[in-house]
Amino acid sequence: LSVSFGLIVYRTAQAIQEGKSHAEIIELAEEWVAKTKILVDIQTLEYMVRAGRVSPLKGFLARALNLKPIITLDSEGKAAASGKSFSRRENMKKIVELIKRMKEKGEIWNYAVVHAQNRERAGMYAERLIQELEQEPLYIMDTSPVVGVHNGIGAVGIGLMYK
């Protein structure tokens with residue numbers, strides 16, 4: 001969530017600098033929330049099992065099959081599987097493809113990449129997305145420690161917002 005919040009906060013700061021009123025910003029912020037999407041490349045389900053977000057049985061099966069999930073948020077803000085692969089390389093391809101389809105649906109205002117102690121992979125995502133979206137990410141940074149606890153070390157999240 002931190003990547004999504006960062007985009008909304010940044011856009012709110014821009015609106016303040018533009019002289020928008022408090023009421024206008026509140027209205028715009030609600031629109032921005034609806035226009036913000038997140039995709040997370042999870043290295044392992046181990047941490048999600050520990051946090052109680054995935055059952056031990058599903059975690060065991062995913063580990064046995066070497067499944068790598070892609071997590072997003074549903075319309076209620078709850079974590080939901082958006083896809084899965086048998087390798088993280090395939091996860092990256094799928095996430096980039098999902099973002100390309102999102103771009104076709106509407107113009108992307110901006111995006112950002114966050115990671116849980118995986119700067120190298122975050123950089124790889126940024127390189128691919130720069131090619132596909134033809135713009136630099138707003139930021140690339142470590143995510144909050146809570147992400148490491150719940151999604152695991154090595155997770156990489158991409159947040160994007162439509163105009």
Side-chain angles (χ1 to χ4, degrees), residues 1-16 28-54 59 62 67-85 87-103 105-163:
L1 292 175
S2 62
V3 69
S4 300
F5 289 146
L7 293 171
I8 294 165
V9 168
Y10 188 89
R11 201 141 183 207
T12 300
Q14 283 185 321
I16 291 169
L28 287 169
E30 289 176 10
E31 290 177 26
W32 296 330
V33 168
K35 293 178 178 181
T36 303
K37 307 296 178 207
I38 184 171
L39 296 164
V40 183
D41 177 0
I42 304 293
Q43 184 168 325
T44 176
L45 282 177
E46 175 185 349
Y47 298 91
M48 294 180 83
V49 170
R50 283 186 196 172
R53 293 173 62 200
V54 172
L67 288 177
K68 307 297 182 195
I70 299 169
I71 305 297
T72 190
L73 297 178
D74 64 17
S75 60
E76 296 177 10
K78 294 182 181 178
S82 178
K84 56 190 168 292
S85 301
S87 72
R88 291 198 78 200
R89 182 183 318 154
E90 285 299 313
N91 261 11
M92 185 177 289
K93 285 181 187 178
K94 285 183 179 184
I95 287 174
V96 170
E97 188 59 38
L98 285 168
I99 292 172
K100 282 170 55 175
R101 282 192 242 137
M102 289 176 186
K103 181 182 176 186
K105 290 180 183 177
E107 196 170 342
I108 293 175
W109 168 74
N110 218 323
Y111 70 102
V113 181
V114 294
H115 61 92
Q117 297 182 8
N118 200 344
R119 177 109 181 133
E120 181 180 344
R121 188 159 183 82
M124 290 167 44
Y125 268 104
E127 286 176 22
R128 294 281 306 274
L129 292 172
I130 288 167
Q131 291 173 359
E132 295 299 334
L133 302 177
E134 299 175 350
Q135 72 185 78
E136 298 275 336
L138 187 60
Y139 56 87
I140 302 171
M141 63 186 298
D142 288 318
T143 191
S144 65
V146 168
V147 172
V149 170
H150 289 282
N151 293 335
I153 303 301
V156 176
I158 296 93
L160 57 92
M161 184 187 294
Y162 295 106
K163 285 190 177 185

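- Shown here for T72 and I38, the closest heavy-atom pair between the two residues is OG1-O, 2.7 Å.
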With salt bridge (charged side-chain N to carboxylate O under 4.0 Å, His left out) as the test, would you mind laying out the steps for E97 and K94 before giving the verdict?
-> CA-CA 5 Å; E97 188 59 38; K94 285 183 179 184; over 6 Å; no
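- Taken to the nearest 0.5 Å, the CG atom of L160 stands 8.0 Å off from the CG atom of L7.
- Scanning for side chain to side chain contact (heavy atoms under 4.5 Å, CB included) contacts around E90 gives S85, S87, K93, with sequence neighbours left out.
- For the atom pair I140 CD1 and Y111 OH, the distance stands at 7.5 Å (nearest 0.5 Å).
- Listed by chain and number, the residues in a side chain to side chain contact (heavy atoms under 4.5 Å, CB included) with A15 are K20, I25, W32 (sequence neighbours excluded).
- Listed here is the closest heavy atom pair of D142 and H115: OD1-CE1, 2.7 Å.
- Note on residues 154-163: pairs passing salt bridge (Lys or Arg N to Asp or Glu O under 4.0 Å), not counting sequence neighbours, are E107-K163.
- Contact check for I158 versus I95: side-chain heavy atoms found under the 4.5 Å cut-off.
- Contacts classified as salt bridge (Lys or Arg N to Asp or Glu O under 4.0 Å) and involving residues 29-38 (residues at least two apart or in different chains) are not found.
- With values rounded to the nearest 0.5 angstrom, K103 atom NZ is found 11.5 Å from I99 atom CD1.
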Solution key, residues 124-136 side-chain donor-acceptor pairs under 3.5 Å, sequence neighbours excluded:
from	atom 1	to	atom 2	distance (Å)
Y125	OH	D41	OD2	2.8
Q135	NE2	W109	O	3.3
Q135	NE2	N110	OD1	3.2

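- Heavy-atom contacts from other residues, nucleotides or ligands closer than 6.0 Å to OH of Y139 number more than 12.
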Please lay out, stage by stage, how M161 and I8 fare under the test side-chain contact (heavy atoms from CB on, under 4.5 Å).
-> CA-CA 8 Å; M161 184 187 294; I8 294 165; 3.7 Å; yes
